[in-house]
Amino acid sequence: SKDEIKAFLAEAKLISETQIKHKNVYLISLLALSTAARQNTILSIKIGDIDLENWIIKLKNYKKQRDFSYRISSEEEYNEIVKLIGTRDKSEFLFKNYTDENPYRYPRIMKDILIYTVNYKKSYTDWLTLKEFRNTTASHLAMNGVPLAHIAQVLDHKDLKATRRYARLQQTVAEKAVNEFIGDILKN
């Protein structure tokens, strides 16, 4: 839910601001949610892939072996990128772990944050994982009536077949619209 995402991001931001070894956590979380990209795509962003003037990041879809572009979605995201880049070289990876190496997976603290901000109120079998950030973004787009073709573009799917699993959520939007329409008619 949006409230769960807000709780997760608020805690990720607090940890990024207060724990130097986890300074990447908030921006990684923002990019994971806003780009709906896979973990290896997010963690392999190089500073040279970022065009701050045009608010564009070149991303690599390793599953399909192709590049695609992402437009930075908010001023907050932009500012976090600028803060993390600082005066570093363009050939460096954007994200580094606490040993100054390029991480190959999301920091463990992100999983911990997810546990105590979201999963604590769910049964263990219903726990969300960090992999679901991609699905969460796509699901929210579908629930807000974004056409499947546009969702496929965000997910970097060439074929709508891979995106159709979210079509079921679009039906909910349609049902809600019909109920509101009929409700308005019956008011008179």
Side-chain angles (χ1 to χ4, degrees), residues 1-43 45 50 52 55-57 59 69-85 94-98 103 105-148 150-156 163 165-177 179-180:
S1 72
K2 284 184 183 178
D3 288 336
E4 291 172 333
I5 293 167
K6 286 178 183 179
F8 176 87
L9 285 175
E11 187 64 17
K13 185 174 186 175
L14 177 67
I15 287 172
S16 287
E17 291 172 347
T18 58
Q19 298 180 26
I20 192 70
K21 78 176 195 176
H22 296 303
K23 66 182 179 185
N24 298 334
V25 168
Y26 181 55
L27 183 56
I28 290 172
S29 301
L30 280 176
L31 288 174
L33 286 162
S34 64
T35 65
R38 292 176 182 87
Q39 176 176 249
N40 59 348
T41 297
I42 299 289
L43 296 177
I45 297 170
I50 302 169
L52 290 172
W55 288 47
I56 301 289
I57 301 175
L59 300 173
S69 293
Y70 160 73
R71 179 151 172 73
I72 298 170
S73 64
S74 69
E75 197 168 317
E76 172 124 4
E77 199 172 71
Y78 180 91
N79 291 336
E80 289 293 320
I81 292 168
V82 169
K83 185 168 53 174
L84 194 57
I85 289 174
L94 178 62
F95 300 111
K96 292 186 173 196
N97 61 23
Y98 61 92
R105 63 179 184 186
Y106 290 143
R108 169 63 195 223
I109 190 82
M110 289 176 66
K111 182 179 178 183
D112 295 341
I113 296 168
L114 195 60
I115 289 169
Y116 67 81
T117 60
V118 176
N119 288 335
Y120 74 93
K121 57 188 169 189
K122 301 176 185 287
S123 71
Y124 184 74
T125 57
D126 295 329
W127 274 22
L128 297 176
T129 66
L130 295 170
K131 185 178 182 208
E132 265 118 9
F133 279 12
R134 181 173 167 82
N135 297 343
T136 297
T137 300
S139 296
H140 279 277
L141 291 173
M143 287 185 286
N144 285 300
V146 174
L148 284 180
H150 295 246
I151 297 170
Q153 197 172 24
V154 169
L155 297 175
D156 196 35
T163 314
R165 67 182 128 182
Y166 305 107
R168 179 169 40 101
L169 298 173
Q170 281 189 327
Q171 182 61 34
T172 304
V173 172
E175 287 171 4
K176 182 179 175 188
N179 289 345
E180 288 174 6

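For clarity, every value in this text was computed on a predicted model and none was experimentally measured.
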Subject >> Ile113 and Val25: CA distance, side-chain angles, deciding distance, side chain to side chain contact (heavy atoms under 4.5 Å, CB included) verdict >> reply: CA-CA 10 Å; Ile113 296 168; Val25 168; 4.0 Å; yes
Original post:
Distance from Ile28 atom CD1 to Ile42 atom CD1, nearest 0.5 Å?
Top reply: 8.5 Å
Original post:
About how many Å separate CE of Met110 and CD1 of Ile15, when rounded to the nearest 0.5 Å?
Top reply: 10.5 Å
Original post:
With sequence neighbours left out, which residue pairs that include part of residues 10-26 fulfil the side-chain hydrogen bond (donor to acceptor under 3.5 Å, both in side chains) condition?
Top reply: Glu11-Tyr116, Lys13-Glu76, Tyr26-Glu76
Subject >> Sequence-distant partners of Phe133, ring-ring contact (aromatic ring centres under 6.0 Å, His included), two or more places apart >> reply: Phe8
Original post:
Can you find a heavy atom in the side chain of Ile57 that is under 4.5 Å from one in the side chain of Leu94?
Top reply: no
Subject >> Min side-chain heavy-atom separation Lys83-Leu27 under 4.5 Å >> reply: no
**OP:** Quick one: list whatever passes side chain to side chain contact (heavy atoms under 4.5 Å, CB included) with Ala36, sequence neighbours left out.
**Re:** Arg134, Thr137, Val154, Leu155
**OP:** Might you work through the side chain to side chain contact (heavy atoms under 4.5 Å, CB included) test for Leu114 and Tyr106, ending with a clear yes or no?
**Re:** CA-CA 12 Å; Leu114 195 60; Tyr106 290 143; over 6 Å; no
Original post:
Quick check: are there more than 12 heavy atoms from other residues, nucleotides or ligands sitting under 6.0 Å from CD of Glu132?
Top reply: yes
**OP:** Using a cut-off of 6.0 Å, state whether more than 12 heavy atoms not belonging to Lys121 lie near its atom NZ.
**Re:** yes
Original post:
Could you give the distance from CD1 (Ile115) to OH (Tyr120), rounded to the nearest 0.5 Å?
Top reply: 13.5 Å
Subject >> Spatial distance of atom OG1 (Thr117) from atom CG (Asp3) [nearest 0.5 Å] >> reply: 11.5 Å
Original post:
In Å and rounded to the nearest 0.5 Å, what is the CD1 to NE2 distance from Ile151 to His140?
Top reply: 12.0 Å
Original post:
Can you find a pair of side-chain heavy atoms, one from Ser34 and one from Tyr70, that are under 4.5 Å apart?
Top reply: yes
Original post:
Do you know the tightest heavy-atom contact between Val118 and Lys122?
Top reply: CG1-CE, 3.7 Å
Original post:
Hey, are the side chains of Asp156 and Thr41 touching, using non-hydrogen atoms and a 4.5 Å cut-off?
Top reply: no
Original post:
Can you tell me how far OG1 of Thr35 sits from CD1 of Ile45, rounded to the nearest 0.5 angstrom?
Top reply: 7.0 Å
Original post:
Tell me, do Lys111 and Arg105 make a side-chain contact under 4.5 Å, heavy atoms counted?
Top reply: no
Subject >> Sub-4.5 Å side-chain heavy-atom contact between Leu52 and Ile85 >> reply: yes
